[in-house]
Amino acid sequence: MDKFYHSVRLDASLCKGCINCIKRCPTEAIRVRGGKASINNKFCIDCGECIRVCPHHAKHATYDRLDCMRQYEYTVALPAPSLYSQFNNLDDVNIVLNALIRMGFDDVFEVGAAAELVSEATRQYISEHEEGLPFISTACPSVVRLIRVRFPNLIPHLLPLNPPVEVAAVLAAERAMKQTGLPREKIGIIFISPCPSKVTYVKAPLGTEKSQVDKVLAIKDVYPKLLACMKAVGKEEYPAIGTAGKIGISWGHSGGEASGLFTESYLAADGIENVIRVLEDMEDQKFTNLRFVELNACNGGCVGGVLTVENPYVAEVKLKRLRKYMPVARTHMDDLSQRIIPWTTGVQYEPVFSLGNTMMESFSRLNQVERLMKKFPGLDCGSCGAPTCKALAEDIVRGEANESDCVYYLRENLHKLSEEVAVLAEDLSDGGIEKQEPLKLIKEYIGRISQEMSLLDKKEEEQSDGSGVDGNGNLPDGESGR
């Protein structure tokens with residue numbers, strides 16, 4: 001399986017070449033060249049931030065269609081806890097679970113129930129491995145991938161336990177095979193996801209060789225059909241099939257996972273920019289007396305995923321209200337869950353941001369980057385198609401860009417050439433040039449100026465068509481940069 005598989009894709013036909021995405025991408029994986037954006041697969045962590053900020057809907061997530069259920073003789077739905085937060089006035093999760101059955105699934109296994117098992121396993125693991133504190137949650141695949149490519153020193157602090165969705169998939173498949181007698185390939189384990197990161201996890205998992213999830217549906221696709229089924233369920237008696245309590249439901253929002261550890265020595269952060277700040281501080285060892293760090297790439301936690309329909313902060317309130325009268329936990333570990341929760345493979349550092357293949361080559365190229373940085377204005381305006389001047393310098397060193405991509409560098413070259421032409425003209429008028437060929441020299445300068453002007457015009461045209469930034473790096477009148 002390709003370790004750089006991605007569920008976040010770009011539709012070039014919809015891209016207008018604006019720079020919203022390159023300024024918000026946490027790993028600087030996006031560039032705008034030739035008036036179109038492109039995504040570097042090695043840098044991307046599928047956090048979905050570009051989907052959230054793209055005004056032209058040119059970024060989208062890939063996932064399975066609803067009709068994938070027909071591919072199997074028996075299907076099991078794995079609803080994420082964040083699914084419950086999408087509905088108004090929901091006071092019983094069993095309405096949603098029974099609606100999934102009416103929708104066409106043969107069985108339901110709550111991811112929240114598996115989350116309670118993972119919480120119990122986490123408490124046990126932390127108490128047995130005090131020397132590795134603090135441990136970082138591995139429930140959010142984007143955070144794990146971010147650490148894998150950008151924070152190698154923190155890899156030993158990753159909690160080596162499978163996320164709840166994987167544990168739920170294994171348990172659901174075991175139960176389905178036992179109840180039906182069908183072989184595994186005829187049973188479809190289908191996760192209802194709030195974000196593209198989970199789609200990527202299923203295709204290229206970290207911590208396990210192969211995911212037991214067969215298909216992934218988006219909450220926003222399931223929502224309208226499920227809503228109609230819920231109205232029908234509400235008019236009749238329905239069986240109580242929910243197996244998750246407060247701990248499991250709480251995993252749907254930020255801080256919910258950490259609250260299941262029964263400790264106050266934890267830190268919870270959500271939003272990819274906040275996550276990066278926390279990881280940088282952890283790398284600098286600024287935190288003391290922490291036992292656990294919960295990090296979610298989406299604002300508000302899983303309820304803030306780009307595949308949901310409800311405002312994340314409203315959704316968080318709904319989850320807290322829903323769990324109010326629930327028991328603390330309904331699911332507890334047994335022998336099977338103890339075997340399937342730990343990772344079976346480790347997470348390896350991927351040096352995708354390295355400038356060279358060897359240490360010496362990397363240092364040499366780093367010196368080149370520093371020299372290039374002195375030529376650029378340091379404004380990080382994005383007009384060159386890279387998010388920062390440093391990113392442009394690194395692209396140049398890698399052979400993926402040119403110095404002329406910087407509008408300010410082009411303008412400075414034009415000024416220098418103009419000054420040289422003026423000096424040449426003055427020498428000609430004063431008779432200072434005797435042995436050179438004046439006309440040939442003038443034509444050469446004019447050609448260089450014309451070439452630089454063409455590049456500058458092209459850059460300004462791309463920016464005016466896309467981001468609205470003019471040749472001076474300014475926004476149109478009446479607009480602010482906020």
Side-chain angles (χ1 to χ4, degrees), residues 3 45-47 80-82 111-112 114-129 132-170 191 193-213 247-248 250-261 263 266-270 272 275-276 278-279 282-283 290-298 301-302 305 333 337-350:
K3 60 186 176 183
I45 59 172
D46 285 320
C47 63
S82 50
V111 175
E116 294 182 352
L117 299 177
V118 176
S119 292
E120 187 175 342
T122 301
R123 293 194 296 268
Q124 180 178 333
Y125 186 88
I126 291 177
S127 65
E128 295 174 355
H129 298 82
L133 297 177
F135 286 102
I136 304 172
S137 167
T138 52
C140 179
S142 287
V143 172
V144 178
R145 292 175 187 276
L146 176 65
I147 293 173
R148 181 189 66 157
V149 300
R150 187 167 167 181
F151 298 95
N153 293 333
L154 297 180
I155 289 179
H157 291 278
L158 288 173
L159 186 69
L161 303 179
N162 283 318
V165 60
E166 187 61 35
V167 176
V170 175
F191 176 54
S193 176
C195 68
S197 179
K198 302 292 197 304
V199 182
T200 301
Y201 168 83
V202 170
K203 298 293 184 181
L206 295 171
T208 186
E209 292 288 345
K210 183 180 183 299
S211 175
Q212 289 300 307
V213 179
I247 291 178
S250 296
W251 275 63
H253 61 79
S254 178
E257 176 185 359
S259 66
L261 303 183
T263 177
Y266 73 87
L267 182 153
D270 58 273
I272 193 64
V275 166
I276 290 175
V278 168
L279 291 174
M282 284 191 67
E283 202 168 42
L290 278 181
R291 298 178 65 82
F292 186 73
V293 178
E294 176 193 330
L295 302 173
N296 290 282
C298 297
C302 289
M333 283 202 302
S337 58
Q338 286 181 340
R339 292 198 307 270
I340 65 175
I341 290 178
W343 275 357
T344 54
T345 63
V347 171
Q348 303 297 323
Y349 170 49
E350 294 291 342

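For Gln348, the CD atom sits in a loose shell: 12 or fewer heavy atoms of surrounding residues, nucleotides or ligands are nearer than 6.0 Å.
No side-chain donor-acceptor contact under 3.5 Å links Gln212 to the backbone of Ala169. With Glu350 contributing its side chain and Val149 its backbone, the two residues share no donor-acceptor pair below 3.5 Å. With hydrogens and angles ignored, the 3.5 Å screen pairs no side-chain donor or acceptor of His253 with any backbone N or O of Cys302.
A pairwise comparison of heavy atoms in Arg148 and Ile155 identifies CA-CD1, 4.3 Å as the closest pair. Minimum interatomic distance between Leu117 and Met333 (heavy atoms only, all atoms of both residues): CD2-N, 3.4 Å. The minimum heavy-atom distance between Phe135 and His129, with the atom names listed, is CE1-O, 3.3 Å. When all heavy atoms of Glu166 and Ser211 are compared, the pair lying nearest together is OE1-OG, 2.7 Å. The two residues Gly260 and Ser119 come nearest to each other via the heavy atoms O-CB, 4.2 Å. Residues Asp270 and Ser254 approach most closely at OD1-OG, 3.1 Å, considering heavy atoms.
Side-chain contact between Leu206 and Trp343: absent, with no pair of heavy atoms (C-beta onward) separated by less than 4.5 Å. The side-chain heavy atoms of Glu257 and Ser250, taken from C-beta on, include no pair separated by under 4.5 Å. At a threshold of 4.5 Å between non-hydrogen side-chain atoms, the residues Met282 and Ile136 count as touching. Counting only heavy atoms from C-beta outward, the side chains of Leu279 and Ile147 approach each other to under 4.5 Å. Within the 4.5 Å cutoff, no side-chain heavy atoms of Pro134 are placed close to those of Tyr266. Residues Lys198 and Phe191 meet the side-chain proximity criterion, which asks for heavy atoms closer than 4.5 Å. Using a 4.5 Å heavy-atom cutoff, the side chains of Ile45 and Thr200 are not in contact. Two residues are said to be in side-chain contact when any heavy atoms from C-beta on lie closer than 4.5 Å; Ser259 and Ile247 fail this criterion.
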Steps toward side chain to side chain contact (heavy atoms under 4.5 Å, CB included) verdict (Ile126, Thr263): CA-CA 11 Å; Ile126 291 177; Thr263 177; over 6 Å; no

CA sep, side-chain torsions, deciding dist, call: Leu261, Arg291, side chain to side chain contact (heavy atoms under 4.5 Å, CB included): CA-CA 10 Å; Leu261 303 183; Arg291 298 178 65 82; over 6 Å; no

Check against side chain to side chain contact (heavy atoms under 4.5 Å, CB included), Ile340 and Asn162: CA-CA 8 Å; Ile340 65 175; Asn162 283 318; 5.6 Å; no

Step-by-step side chain to side chain contact (heavy atoms under 4.5 Å, CB included) determination, Phe292 to Leu159: CA-CA 9 Å; Phe292 186 73; Leu159 186 69; 4.2 Å; yes

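Note that CG of Leu154 is 5.0 Å distant from CD of Glu283, once rounded to the nearest 0.5 Å. In this structure, the separation between CZ on Phe151 and CD1 on Ile276 is 6.0 Å, given to the nearest 0.5 Å. Note that CG of Leu158 is 9.0 Å distant from OG of Ser137, once rounded to the nearest 0.5 Å.
Trp251 and Ser82 are not linked by any side-chain donor-acceptor pair at a separation below 3.5 angstrom, with hydrogens and angles left out of the test.
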